[in-house]
Amino acid sequence: MKFTEYNIAVGGSSAGKESDCFVLKKTDPDESLVWTRYDAATVDVKARTLFNRLQQVGRDLFLPVNYPDSVAEGYLEYQFYDSIQGLCTYLRGVVSTSAVLVAAGVGDSEATAMSAAMTWAIRDGFGMIGGLFFSYKASPYFDAHVKEFRLLADVFNDIGLTLDLALPILLIQTKSSWIVALSNYFPSPYLLLTSISTLCKVACGICAGATKGNITDYFAISGNRADVNAKENTQETLVSLLGMIMGVGLAKSLHYLEMKDDSSIHGDKLMTDTQLISWTIFMILTVIHIWANFVGIQKLQLRTLNRARAKVLLQPLIEHCSDWVLRDIIDDDDAVLTSDRCERMMKSPSQIKESLWMSLLGMIWKGNIHLGIRLRDIAKITQHYSIYRGDGVERLSKIKWSSSAWHSYLNDEFGNENYLILLDEKPIKSQSTVSVVMKVGAGDVDELKAFIHAHILHRCIEGESDVKHLQLLHRSHKITESLFEKDKNGIDLHSILSHIGWDMTRLYLGFSPWRCEWTSKDD
C-alpha cells in the first residue's frame, strides 16, 4: 500500500506539490507491516536542496497560503509596484530628513533644544487638528473612491517630503525685509512650512489606512483577509529593511559629499553642490514613485461600482436608450431590449478603466446631475424659470408649481418609485440640471434605477431635440422601467451585472445620505 504526501499551499492546485512518499509492506516471517520510504531518490529531490527550501520559506513568509489561487488576479504585480513606491518613499525620507534637521537648527550654536522641541510639538498639533478636519470631510468618500484616495495619499506624501527638502532654501528666501515685518503677525516661516508638511503626511496616512482594508478585501477572495493582511505587513517590513540599508549608504554618501563641498550659498547661487545632488536624487526617486504608484493602482480591478466606473460601464446602455427616447421608438417591438442583448453591452470589472483624475474631480464638482438632493434644494428647483418673448427680447418669468401639478407628478409619474426626478431648466440646454430625490426606504436597486434614469434624461436634454422635457422624462422613465422588469420582458439589470462579476451588494454611485418622504395631504 502506497501513501503520498502533498503540500497544497505550493503550486496553487488542489493536489499540490508532491513532498514525500511511503510504502506499507509486509515482512517475513511474521508478516508484520513496516513503513518504508518509497524511492526517496526520486521523490522531489530538487525540493530538498537548500535553494528550494529557502524559496519555500520565502513563499510562506511573503505570499498568502495557496498563492495564486487564494488571491485575486494582479496581486503579485500590485505588490511589486507598491514595494517599489514604498522603497522610493523611504529613501526620499532619508534625503529630506537631513534638510528638516538643518532647518530646525541642528549644528547651529544659537539654536536650543527647548525651542526645537516646542516647534515640533506645535507642528504635530497642527497636523493632528488638520488630520481630524480632513477625516471629517473626506471619510464619506473613502469607500466609493478607493483607487483615487490611494493615489491621492502618495500625492500628499510627495508634497510633504518636497516641502521638507525645500525648507533650508525657503527659509533663506523668507529673510526678505517685508516677510520679516509680517512675521510679527504670523507664525514663523519654519513653523508654517513644517506644519503644512506634517498635515500632508497625516492626510497621506489617513487615505492609505482607509483604503488599505478595501484593497485587502479585494485580493482576499478565499476568505483569507487576515492572511493577506499579515503577508502585506511582512512585505512592508522587508521593504523597510532594504530601505534602511540603502538609506544608510545614501546618507553616508551625501555626508561625504557635504564634507568635501566647499561651495556656499551667496550671490545668485540658490543651493550648494551637495543640495543640488540631493535634489536630483530626490526628483528621480519621486518620478519613479509616481510611476510605480499609478501603474500599481491600475492593476486593481475593483468589483464595486462607484460613480466613475458606473458611468463607463453603463455608457453604451445609456446612449442606446437615449437614442430610442429621442426617436420615440420605445414601444417598437424591434427596439425592445432583451436580456442577452443587454448583457452583451455590459463589461466585466477587468474590462473597465475609469479615469482616476476625473473621478477625483467629480467629488468636488457634481456636474449637471445631482444625486440625493435635500428638501431645500427641491424648493429652489420647483420655482421654475420659463422663457417667454416680449418686446422682441427673451425674458425669464418665475412659475411656481401648483398643488394639482405636484399630485399629478408624484402619483402618476413616480407613484410606484422610491425616487423622484426634477428638472431645473435653463435657457442654455447644457446648463440644465437633473436632480434626483431619494425616498425613505430606497435601496441599492432604486439607486441604480434612478442613476440610469437621470443619465438617460440628461443625455436626451443635451441632444438637439424639440421634444418637451416633460415628454422626455416620461419616455426615459418608461424605458428605464423596462430594464428592471424581469417578469415582463426578462431583463433584470441588477442580476445581469452581478452575473458578470460586479459586487452588487454594495453600490457607491454618489448618492447623498439624505432621504425624503412625501404624502398626498395638502397640509
Side-chain angles (χ1 to χ4, degrees), residues 9-10 49-65 67-68 70-71 74-101 150-151 153-165 197 200-202 204-205 207-209 211-213 215-216 219-220 226-258 274 277-300:
V10 180
T49 64
L50 178 61
F51 174 76
N52 285 275
R53 288 182 182 275
L54 291 176
Q55 187 181 37
Q56 181 58 43
V57 171
R59 290 178 62 95
D60 294 341
L61 183 60
F62 298 111
L63 294 177
V65 175
Y67 170 84
S70 61
V71 293
Y75 173 80
L76 193 61
E77 291 87 349
Y78 173 79
Q79 295 299 337
F80 172 74
Y81 288 108
D82 188 58
S83 298
I84 291 178
Q85 65 92 11
L87 183 61
C88 290
T89 298
Y90 198 99
L91 294 175
R92 288 184 304 155
V94 172
V95 176
S96 61
T97 298
S98 60
V100 173
L101 294 176
R150 186 63 191 86
L151 180 63
D154 287 296
V155 172
F156 283 135
N157 196 35
D158 291 339
I159 296 173
L161 291 175
T162 304
L163 280 175
D164 286 345
L165 186 61
S197 171
C200 290
K201 294 174 184 176
V202 170
C204 168
C207 293
T211 56
K212 182 179 179 179
I215 296 174
T216 301
F219 283 119
D227 182 37
V228 172
N229 189 50
K231 296 306 168 57
E232 184 173 353
N233 288 333
T234 59
Q235 293 166 16
E236 290 176 355
T237 301
L238 177 62
V239 171
S240 297
L241 287 173
L242 292 175
M244 185 183 299
I245 296 171
M246 297 174 66
V248 170
L250 180 60
K252 285 186 174 181
S253 299
L254 292 175
H255 179 67
Y256 175 78
L257 292 174
E258 186 177 359
T274 303
I277 295 174
S278 297
W279 270 100
T280 303
I281 296 173
F282 182 88
M283 295 308 298
I284 293 174
L285 291 173
T286 300
V287 171
I288 297 174
H289 171 265
I290 295 174
W291 167 79
N293 190 42
F294 185 80
V295 175
I297 289 175
Q298 293 288 54
K299 298 295 181 181
L300 295 175

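Evaluation of the side-chain contact (heavy atoms from CB on, under 4.5 Å) rule for F294 yields L151, Q298, L356, W357 as partners, not counting sequence neighbours. For Q235, the side-chain hydrogen bond (donor to acceptor under 3.5 Å, both in side chains) partners at least two apart in sequence or on another chain are Y75. By the side-chain contact (heavy atoms from CB on, under 4.5 Å) test, M246 pairs with L87, L91, sequence neighbours left out. Judged as a side-chain contact (heavy atoms from CB on, under 4.5 Å), and not counting sequence neighbours, the contacts of V295 are Y81, W291, K299.
How far NZ of K212 is from CG of N229: 5.0 Å, rounded to the nearest 0.5 Å. Summarising the geometry, atom CG belonging to L163 is positioned 5.5 Å from atom OG belonging to S197; distances are rounded to the nearest 0.5 Å. Expressed to the nearest 0.5 Å, how far CG of D82 lies from CD1 of I215 amounts to 7.5 Å. The distance from atom CG of L238 to atom OG of S83, rounded to the nearest 0.5 Å, is 7.5 Å. Note that CG of L285 and CD of Q85 are 12.0 Å apart. Values are rounded to the nearest 0.5 Å.
Within the structure, salt bridge (charged side-chain N to carboxylate O under 4.0 Å, His left out) contacts touching residues 231-242 (residues at least two apart or in different chains) are D227-K231. Among pairs with a residue in residues 155-165, those fulfilling salt bridge (charged side-chain N to carboxylate O under 4.0 Å, His left out) read R92-D158, D164-K201, at least two apart in sequence or across chains.
At a threshold of 4.5 Å between non-hydrogen side-chain atoms, the residues V202 and F156 do not count as touching. Annotation: side chain of Y67 is in contact with side chain of L76 (closest heavy-atom distance under 4.5 Å). T280 has its side chain out of reach of M283: every pair of non-hydrogen atoms, C-beta onward, lies at least 4.5 Å apart. A heavy-atom distance below 4.5 Å is found between the side chains of I281 and L254. For the pair Y78 and L300, the minimum side-chain heavy-atom distance is below 4.5 Å.
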One pair to check against side-chain contact (heavy atoms from CB on, under 4.5 Å): L242 and Y90. What are the steps and the verdict?
CA-CA 9 Å; L242 292 175; Y90 198 99; over 6 Å; no

Which is it for W279 and T162 under the side-chain contact (heavy atoms from CB on, under 4.5 Å) test, yes or no, and what are the steps along the way?
CA-CA 9 Å; W279 270 100; T162 304; 4.1 Å; yes

